[in-house]
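Structure first, then comments.
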Protein chains: 2
Amino acid sequence: MTQTRLLETAVDYFGRLGFEGASTRDIARASATAMSSITYHFGGKEGLYLATADYIAAQISAWTGPFLDRAAATDIASPAIATDQTLMVLDGIAQMMLSPETEHWARYIIREQQTPTEAFDRLYCGAMQRIADTLIRLVAIARPDLDDRRGRVTAVMLFGQAMILRSGRSAVCRVLGTTDLGDADKALLRERLRVNAASILSDTPR
Amino acid sequence: MTQTRLLETAVDYFGRLGFEGASTRDIARASATAMSSITYHFGGKEGLYLATADYIAAQISAWTGPFLDRAAATDIASPAIATDQTLMVLDGIAQMMLSPETEHWARYIIREQQTPTEAFDRLYCGAMQRIADTLIRLVAIARPDLDDRRGRVTAVMLFGQAMILRSGRSAVCRVLGTTDLGDADKALLRERLRVNAASILSDTPR
DNA sequence: GTCTATACTACGATAGAC
DNA sequence: GTCTATCGTAGTATAGAC
């Protein structure tokens with residue numbers, strides 16, 4: 001399908017170069033089709049950009065869906081269970097952040113966070129919202145001592161520890177003294193995320 | 001100074017639009033000078049881009065310097081003192097991430113993290129390295145039970161919780177139900193970062 | 001549906017006046 | 001140092017053949 005090929009290429013090009021930096025000529029050439037196919041299928045450059053956001057949202061959902069489903073299917077009867085489920089979901093997110101295939105569209109999302117356009121709405125409503133809602137719900141049960149806003153912030157910061165694996169990848173690599181994260185590095189990062197999250201969630205006030 | 005005016009504008013334009021997306025014409029116009037001034041002062045578009053990285057590194061150093069200096073001047077005689085100092089440095093970083101003035105160049109850095117160029121070297125060596133080294137050193141003392149690599153990862157993830165205040169700003173705002181972070185939001189975010197970091201650093205193995 | 005042609009605009013670099 | 005003027009290239013969009 002020309003349409004899918006264009007989307008696949010667009011994720012990469014828009015992610016690396018941004019909306020203005022990416023050229024429809026290049027995207028069309030890399031998709032082995034004519035530039036006017038973009039006009040035909042998506043109405044123009046902007047249409048392609050927005051369609052790319054939907055395409056990415058679908059991929060995020062595919063990645064995180066199984067973990068979120070498992071959390072949704074579990075009866076969260078105690079703070080301990082909520083903590084367990086949070087760690088499970090966070091590890092799923094960390095795996096996503098560490099997976100090479102997610103590199104392309106992660107760039108797109110991070111870019112959209114900095115200067116949100118209509119595409120961010122689609123990303124958030126299409127995929128991120130469910131992740132956020134799940135984490136917030138779990139944290140609320142794991143830490144009943146926190147009020148709503150404090151629970152939400154805690155969920156965000158747990159997410160931040162996973163997020164830096166992508167958003168600060170270059171710095172992470174430098175700190176670990178490598179240019180690319182190996183399997184041992186990834187295992188270590190996931191381990192520490194788990195331990196840190198457990199510390200935060202189990203730290204009931206004294 | 002035309003040079004400084006160009007740099008100031010370039011931070012904003014390159015940050016928002018990326019290297020390819022930003023046009024020297026626009027940057028010159030917004031700096032109220034001729035496009036050829038860029039060629040004269042920086043040798044061309046790429047020269048301006050790299051000079052912008054140095055300019056940003058200097059600003060980061062100005063922001064974080066006081067906190068890092070204080071940590072460097074303190075005698076870190078115990079894990080408790082190291083924890084205290086870590087919380088102090090992290091709060092400084094959080095303040096930076098929450099400050100509106102840092103929004104422009106944060107975009108530039110985050111972009112460089114995704115697709116590093118020579119400019120990232122300048123940013124890292126010029127400013128980020130000292131922050132990383134300080135945090136790693138403090139964490140190593142606060143948590144002597146962790147080996148070198150685990151200590152480094154912990155430092156990174158502490159940083160990640162502050163970093164998401166910038167790199168995931170749009171998502172943070174949505175989760176808190178606002179479009180802009182108010183003073184109360186910022187205070188809450190700093191408080192939770194502090195509490196979370198304290199949990200992580202004080203969590204000696206049982 | 002997909003292609004080639006072309007129209008029009010904007011890009012970065014540079015030469016030369018002041 | 002800073003400006004205007006201009007060159008060659010590359011951008012998006014669109015019309016029309018197949």
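A quick note: this is a predicted structure, and the numbers were derived from the prediction, not measured. Every chain is numbered from 1, with letters handed out A, B, ... down the list of sequences.
With salt bridges taken as basic N to acidic carboxylate O contacts below 4.0 Å, one links A:D26 and A:R29.
Pairing for D:dT14 is absent, with no Watson-Crick or G-U wobble pair whose two atom distances lie under 3.5 Å. Pairing of C:dA5, defined by two Watson-Crick or G-U wobble distances under 3.5 Å, is not identified with any nucleotide.
If you measure from atom CG of B:D26 to atom C1' of C:dT9, you get 13 Å, rounded to the nearest angstrom. The CZ-P distance, from B:R5 to D:dG1, rounds to 14 Å in whole Å. Summarising the geometry, the separation between OH on A:Y13 and C1' on D:dA10 is reported as 15 Å, rounded to the nearest angstrom. Nucleotide D:dA13 holds its P atom 11 Å from the CD1 atom of A:I27, rounded to whole Å. Distance, A:L17 CG to D:dA10 P: 15 Å, rounded to whole Å. In this structure, B:E20 atom CD and D:dT9 atom C1' are separated by 16 Å, rounded to whole Å. Summarising the geometry, the separation between CZ on B:F14 and P on C:dG12 is reported as 8 Å, rounded to the nearest angstrom. We find that OH of A:Y40 is positioned 20 Å from C1' of D:dT12, with the value rounded to whole Å.
A 4.5 Å side-chain heavy-atom check between B:L6 and B:I27 finds at least one atom pair inside the cut-off. Between B:D12 and B:R107, the closest side-chain pair of non-hydrogen atoms falls below 4.5 Å.
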For this session: Kindly determine whether A:R143 and A:T154 satisfy side chain to side chain donor-acceptor pair (under 3.5 Å), including the steps that lead there.
Result: CA-CA 10 Å; A:R143 288 292 304 267; A:T154 302; over 6 Å; no

Grab the N/O contacts between the protein and nucleotides 13-18 of chain C below 3.5 Å, and write none if there aren't any.
unit_1, atom_1, unit_2, atom_2, d
C:dA13, OP2, B:K45, N, 3.2

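Side-chain proximity of A:T33 to the nucleotides D:dG11, D:dT2, C:dT2 is greatest for C:dT2.
For B:T2 and B:S37, the side-chain atoms include no donor-acceptor pair closer than 3.5 Å. A:R5 and A:T33 share no donor-acceptor pair across their side chains, judged by distance under 3.5 Å alone.
A glycosidic torsion no more than 90° from 0 defines the syn conformation, and C:dA5 adopts it.
Using cut-offs of 30° and 60° for the angle between ring planes, the A:F19 and A:F14 rings count as parallel.
Side-chain nitrogen and oxygen atoms of A:S23 include at least one within less than 4.0 Å of the OP1 or OP2 phosphate oxygen of D:dG11. Between A:S37 and C:dT2, a side-chain N or O to OP1/OP2 separation shorter than 4.0 Å is absent.
Backbone-only engagement by A:A22 is indicated by non-hydrogen atom pairs under 4.0 Å involving sugar-phosphate atoms exclusively.
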